[in-house]
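Some notes on the structure that comes next.
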Number of protein chains: 2
Amino acid sequence: MTRTASLKTATPAPAGDAAQPGPGAPKTARGARTRARILKAAEDTFGTLGYHRAGISDITRAAGVAQGTFYTYFAGKEEILRELVRDMGHQVRAHLAAEIVDAGDRLQAEEKGLRAFLQYLFEHPSLYRVLQEAQFVDESIYREYYEAFGRGYLRMLADATRKGEIRAGNNEVRVWALMGMSNFLGLRYALWDRDVSFDEIVATISDLFRNGLTLEGPEKNP
Amino acid sequence: MTRTASLKTATPAPAGDAAQPGPGAPKTARGARTRARILKAAEDTFGTLGYHRAGISDITRAAGVAQGTFYTYFAGKEEILRELVRDMGHQVRAHLAAEIVDAGDRLQAEEKGLRAFLQYLFEHPSLYRVLQEAQFVDESIYREYYEAFGRGYLRMLADATRKGEIRAGNNEVRVWALMGMSNFLGLRYALWDRDVSFDEIVATISDLFRNGLTLEGPEKNP
DNA sequence: CGGAAAGGTGAATCAGTTGTCATATTGTTG
DNA sequence: CAACAATATGACAACTGATTCACCTTTCCG
């Protein structure tokens, strides 16, 4: 209602932002709101229709703005996808990080992390679709997502190795294996069919981490 | 979409013209050859350009036929994709099955299978792209691919459990975890960057199967 | 051999998109 | 409040690319 002096500077750090902010970053609270509405609408629309089937008109309709308004904030369909992936990636990582801070050791962190990921995917199904489709629109955003994710993961595994919580081994490779597992388990059991409880899944994977797949015994083969 | 068109030509309705064989299966050696050329061209074109960027004209140009010829054998772009996924899926499974027949036990089969998969993906990079894109064109083909793959995998794990080669556990869940691992490892280390040898990858995963991730010891924590 | 069926052609059609622009509305500021 | 800047509008020009169709060419077989 009243003009607050700080309203104008509400947008975070406009100066020297690395990523191109598109045609024009909003300079008003109203503009920022509209831009956010469009971004959210794009998430929903891409999530249900898919990137290619979704038209700009679908997005603007969902956002409740005219088609032209879209181009006030985004250069085109590809750019909004990039923005979206960056945004969503940030959110998942933040969410998962928060969920595992209080884990006692690495095994527990893996359990909590997997469960949280499955739950998150179930609650945000758009994430999967937007991300996977982005892979073929602009591979670099996709790689960026998983490499960022992987960097954090690797740091944690390295810590755990140092603490003696996990066996020494090639943690880079492990990270990709683990991300792949989560991804497929999420697709199958969180998005397609919830016919197996998350607890059961977590227990199965936890057992794999604790005991491997083969029977006990230090030497199985010469 | 193409429903209305065929009514005009009073071809006395071939019984059960549901959707399977396309407009017309080739009835001549020449036709079969042309159809195969188009299918191969589609694989290459989808593999490099991607499903959406690839036009029918790109496919027919690569195959060395006119645009119209395409529709002699395929109902449209989606159908040829379906055909392709089915075809490619069949090939990978056959290839992998052949590579692991002579494995002594399950662990060895996993090692051979993973290595063969990485190698196959490296030599047939189109597989990954075609398959992943198919997911968003017609999810059912994609599911069909992994479910077929998973059924075979599950059978082998069940066998191994029976033989006492692997610990008892939820093999369905394991199958999806294992497929996810291979998938991501393949994407990262066979398609993106071959900066880690396949041997190293296989060794790392083999170690995971043999010993798990955590240090030895039946009970780690209460 | 001859003609019918199968195979092949490619320009034309047609549906659906994106991105633009002249114009209208809203908010800010001196 | 008047002038100005930022936002918002929506019709539409320009383009893309899938599919059709009327008409040739090749192959098959009695």
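Side chains included, hydrogens not; waters and symmetry mates left out as well; all remaining heavy atoms used. All chains are named by letter (A, B, ...) in the order of the sequence lines, taking the proteins before the strands, and each is independently numbered beginning at 1.
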Select one nucleotide: of dA12(C), dG19(C), dA8(D), the one nearest the side-chain heavy atoms of T34(A). dA8(D)
Integer-rounded Å distance: dT13(C) C1' and Y71(B) OH: 13 Å
Taken to the nearest whole Å, CZ/R33(B) to P/dT26(D) is 14 Å
Looking at residues at least two apart in the chain, or sitting in another chain, which of them share a ring-ring contact (aromatic ring centres under 6.0 Å, His included) with Y71(A)? none
Report the residues that fulfil side chain to side chain contact (heavy atoms under 4.5 Å, CB included) with R143(A), sequence neighbours left out, ordered by chain and then residue number. E139(A), E147(A), W192(B), D193(B)
Under the side chain to side chain donor-acceptor pair (under 3.5 Å) test, residues paired with D58(A) that sit two or more places apart: R61(A)
May I ask you to check whether F184(A) and Y146(B) place their ring centres under 6.0 Å from each other? yes
Grab the N/O contacts between the protein and nucleotides 4-6 of chain C below 3.5 Å, and write none if there aren't any.
residue, atom, partner, partner atom, Å
dA6(C), O3', T28(B), OG1, 3.3

What's the CD-P distance between Q67(B) and dT9(C), to the nearest Å? 11 Å
Give the minimum heavy-atom separation between G50(B) and E133(B), together with the two atoms involved. CA-OE1, 3.1 Å
Mind checking T72(A) for me? I need base, sugar-phosphate or nothing, with any heavy atom below 4.0 Å counting as a touch. nothing
I want to check a possible cation-pi pair here: R194(B) against F122(B), using under 6.0 Å from ring centre and within 45° of the ring axis as the test. yes
For D44(B), all residues meeting side chain to side chain donor-acceptor pair (under 3.5 Å), sequence neighbours excluded: K40(B)
Establish, from distance only, whether the side-chain atoms of E111(A) and S206(A) form a donor-acceptor pair under 3.5 Å. yes
Starting at CG of L81(B) and ending at P of dA18(D), how long is that distance when rounded to a whole Å? 13 Å
Can you tell me how far CD of E144(A) sits from CZ of R86(A), rounded to the nearest 0.5 angstrom? 6.0 Å
Tell me which residues in residues 44-64 of chain B lie within less than 4.0 Å of DNA chain D, going by non-hydrogen atoms. A54(B), G55(B), I56(B)
Please report the distance, rounded to the nearest Å, between CD in E78(B) and P in dG17(D). 17 Å
Tell me the interatomic distance from I80(B), atom CD1, to dA18(D), atom P, rounded to whole angstroms. 12 Å
